[in-house]
Amino acid sequence: MHMRTLHILGVGTFVCALVAAFTVAGHARQARTVADGVYSAAQAQRGAALSKAQCASCHGDMLEGVVGPMLAGDGFLQAWAGRTMTDLVDKIQNTMPLQAPGSLSRAQSIDIATYMLQASKLKPGQADLAAGALAQVTFAAAPRPAAAPAGGAGGVNLAPMANLAQLMRGVTFPNANIIFNVQVKDPGTTRPQQPVPFDYMLWGSTVYYGWQAVDQAAQALVETTPLFLLPGRRCENGRPVPVDRADYQKFTQDLVNVSREFYKLSQSRKQDAIVDQIERLNDACANCHKVYRDVGLAEGGGLGGDRCR
Ligand code: HEC
Ligand code: HEC
């Protein structure tokens with residue numbers, strides 16, 4: 001199993017290296033930014049019609065963001081800074097519209113992307129943006145918001161990549177669930193599945209399991225919850241995460257504190273110790289969700305337009 005993991009990672013790295021080499025070569029040929037009149041007005045108009053029909057329900061008529069993120073304006077340009085039009089057109093063609101990904105042609109995806117440039121007040125030029133030119137057109141690196149950390153230790157870039165919902169789904173939710181799961185399964189008696197299943201997720205749970213996994217989930221929550229406060233992150237609907245709000249900061253701090261206590265409870269290796277306190281973890285999530293997540297369009301939750309307000 002170890003060998004197989006290494007092998008697959010190795011192939012991925014090799015492909016990335018090739019792609020990077022091509023991108024660099026393309027740049028040298030004819031580098032332009034999205035502000036250089038790279039599309040025609042007629043093309044953006046075609047894109048606007050497609051967008052109104054297929055995207056506006058989630059992204060808004062003016063691409064201002066509703067339940068999906070804003071797709072125009074400074075916040076949008078900043079979110080895409082440093083990437084190319086290929087990235088944007090791929091994102092559209094491969095993943096949107098959310099309920100029917102893959103249904104748009106390349107040409108349609110490009111047209112819609114140029115409407116995003118127009119809606120961002122970037123001037124058109126004479127010619128359509130062609131498929132072959134996408135890789136040469138970059139979103140200029142926007143100036144960082146003043147409060148954003150320039151880099152962490154060793155100059156590592158700490159700028160956010162995910163929106164808040166993605167961070168919660170990718171990091172907070174799975175780790176919290178490891179702790180919530182102690183209610184239904186005693187980590188002290190949990191043994192790895194035998195034979196080891198051919199499934200990376202299940203195999204992983206045979207390597208770090210039981211109380212060790214609970215310890216690590218609590219540690220992961222302590223270490224990653226402060227990322228809720230990283231400046232520059234947006235919520236899924238495009239609103240900035242309310243990092244300046246005192247109550248939002250307190251809810252974040254509360255989750256860090258509670259997670260620290262759950263680490264101690266896990267160290268006791270007593271299932272009951274966790275079960276007795278589990279409401280406190282639940283409340284640490286719910287207190288913030290009541291104010292900033294489960295508000296707006298759908299009663300009691302769902303993708304609310306008022307999230308993060
Ligand atoms: C049913 C709702 C829905 C519809 C319809 C929809 N989207 Fe989205 N879109 C989302 C959500 C939710 C996200 C955020 C999650 C993600 O990035 O995958 C998103 C993200 C995006 C992003 C990435 C934005 C960013 O800055 O990261 C782009 C670009 C996008 N959509 C384009 C489109 C286009 C173009 C259409 C129409 C062809 C469309 N979407 C239709 C819900 C929708
Ligand atoms: C400080 C506030 C805060 C705390 C604490 C918090 N959340 Fe969230 N959470 C939010 C907000 C706001 C959203 C909506 C983000 C968005 O739409 O981009 C969210 C979204 C989510 C989502 C995604 C929901 C969806 O739309 O699919 C999940 C899952 C989630 N949170 C889980 C958790 C869990 C589990 C905890 C506790 C261990 C937690 N959160 C603690 C504020 C918080």
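Both ligands and their constituent atoms are indexed starting at 1 by order of listing.
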Return yes or no for this condition: an N or O of Q54 is under 3.5 Å from an N or O of ligand 1. no
Structural part of L50 in contact with ligand 1, heavy atom criterion under 4.0 angstrom: neither
I need the contact type for C308 against ligand 2. Using non-hydrogen atoms and a strict under-4.0 Å cut-off, is it side chain, backbone, both or neither? side chain
Less than 3.5 Å between some nitrogen or oxygen of Y292 and one of ligand 2, yes or no? no
Do any of the N, O or S atoms of M168 sit under 2.8 Å from atom 8 (Fe) of ligand 2? yes
Pick, from W80, F76, Y115, the option with the minimum heavy-atom distance to atom 25 (C) of ligand 1. W80
Quick note on ligand 2: atoms under 4.0 Å from a heavy atom of C288 include exactly 1 (C), 2 (C), 3 (C), 4 (C), 5 (C), 42 (C), 43 (C)
Suppose the criterion is ring pair (Phe, Tyr, Trp, His ring centres under 6.0 Å): which pairs have a residue in residues 234-277, not counting sequence neighbours? Y248-Y292
Per-atom contacts of ligand 1 with L104, taking only distances under 4.0 Å to non-hydrogen atoms: 38 (C)
If you measure from each non-hydrogen atom of A176 to ligand 2, which part falls under 4.0 Å: side chain, backbone, both or neither? side chain
Ligand 2 N/O within reach of R307 N/O, cut-off under 3.5 Å: yes
Does the salt bridge (Lys or Arg N to Asp or Glu O under 4.0 Å) test come out yes or no for R280 and D283, once each step is laid out? CA-CA 5 Å; R280 298 184 52 211; D283 289 349; over 6 Å; no
Mind jotting down which residue pairs meet the disulfide bond (SG atoms under 2.5 Å apart) criterion with at least one end in residues 51-92? Sequence neighbours excluded, please. none
Check each atom of ligand 2 against the heavy atoms of E236 and keep those under 4.0 Å away; list them by number with element. 16 (C), 17 (O), 18 (O)
Please confirm if an N, O or S atom belonging to H59, backbone or side chain, lies less than 2.8 Å from atom 8 (Fe) of ligand 1. yes
Kindly identify the option in Q108, M116, M96 whose heavy atom sits closest to atom 33 (C) of ligand 1. M96
Do Q271 side-chain atoms and V182 backbone N/O form a donor-acceptor pair below 3.5 Å? yes
M70: heavy atom below 4.0 Å from ligand 1, yes or no? no
Heavy-atom contacts with C235 under 4.0 Å: which atoms of ligand 2 show up? List them by number with element. 16 (C), 18 (O)
Using only atom types and a distance under 3.5 Å, with no angle test, would you say the side chain of Q166 pairs donor to acceptor with the backbone of N163? yes
Any idea which atoms of ligand 2 are less than 4.0 Å away from a heavy-atom of A284? 5 (C)
Ligand 2 versus F228, non-hydrogen atoms closer than 4.0 Å: side chain, backbone, both, neither? side chain
Indicate yes or no for a side-chain donor-acceptor contact from R307 to the backbone of R293 under 3.5 Å, with no hydrogens or angles considered. yes
Are the side chain of Q108 and the backbone N or O of S105 linked by a donor-acceptor pair below 3.5 Å? yes
Q183 side-chain N/O to I278 backbone N/O, donor-acceptor pair under 3.5 Å: no
Element-labelled atoms of ligand 1 that are located less than 4.0 Å from some non-hydrogen atom of R234: 25 (C), 26 (O)
Nearest heavy atoms of P101 and Q99, plus distance in Å: CD-C, 3.6 Å
Using a 4.0 Å cut-off to any heavy atom of T252, which atoms of ligand 2 qualify? 1 (C)
What part of L71, side chain, backbone, both or neither, has a heavy atom within less than 4.0 angstrom of ligand 1? side chain
Side chain or backbone of H289 under 4.0 Å from ligand 2, or both, or neither, by non-hydrogen atoms? side chain
Would you please say whether a donor-acceptor pair under 3.5 Å links the side chains of D215 and Q219? no
Are there more than 12 heavy atoms of other residues, nucleotides or ligands under 6.0 Å from atom CE of M168? yes
Using a 4.0 Å heavy-atom threshold (strictly under), name the region of P97 that reaches ligand 1: side chain, backbone, both or neither. both
Run the numbers for me: atoms of ligand 2, each under 4.0 Å from some heavy atom of F251, listed by number. 1 (C), 5 (C)
Close N or O approach (A165, ligand 2; < 3.5 Å): yes
Under 3.5 Å between any N/O of K91 and any N/O of ligand 1: does that happen in this structure? yes
May I ask you to list the atoms of ligand 1 that are less than 4.0 angstrom from any heavy atom of L88? 29 (C)
With side chain to side chain contact (heavy atoms under 4.5 Å, CB included) as the criterion, how do L88 and R83 come out once you've worked through the C-alpha distance, each side chain's angles and the decisive distance to 0.1 Å? CA-CA 8 Å; L88 179 59; R83 287 189 273 175; over 6 Å; no
Closer than 3.5 angstrom, by distance alone: can the side chain of S120 be matched with the main-chain N or O of G73 as a donor-acceptor pair? yes
Is a side-chain N or O of T95 found less than 3.5 angstrom from the main chain of I92, in a donor-acceptor match? no
Measure from the side-chain N and O atoms of R233 to the backbone N and O of L227, and report whether any donor-acceptor pair falls under 3.5 Å. yes
Any side-chain donor-acceptor pair under 3.5 Å between Q216 and Q212? yes
Evaluate Q99 for polar contact with ligand 1, using N/O atom pairs at a separation under 3.5 Å. no
Heteroatom distance test (R169, ligand 2): nitrogen or oxygen, under 3.5 angstrom: yes
Closest by any non-hydrogen atom to atom 14 (C) of ligand 1: pick that one out of A56, G68, P69. P69
Under 3.5 Å donor-acceptor, T190 side chain and D186 backbone: yes
Close-contact set for ligand 2 against F173 heavy atoms, below 4.0 Å: 29 (C)
As an exercise, identify every atom of ligand 1 less than 4.0 angstrom from a heavy atom of C58. 1 (C), 2 (C), 3 (C), 4 (C), 5 (C), 42 (C), 43 (C)
Without swapping roles, check the side chain of T33 against the backbone of A35 for a donor-acceptor pair under 3.5 Å. yes
So is I112 touching ligand 1 or not, going by heavy atoms under 4.0 Å? yes
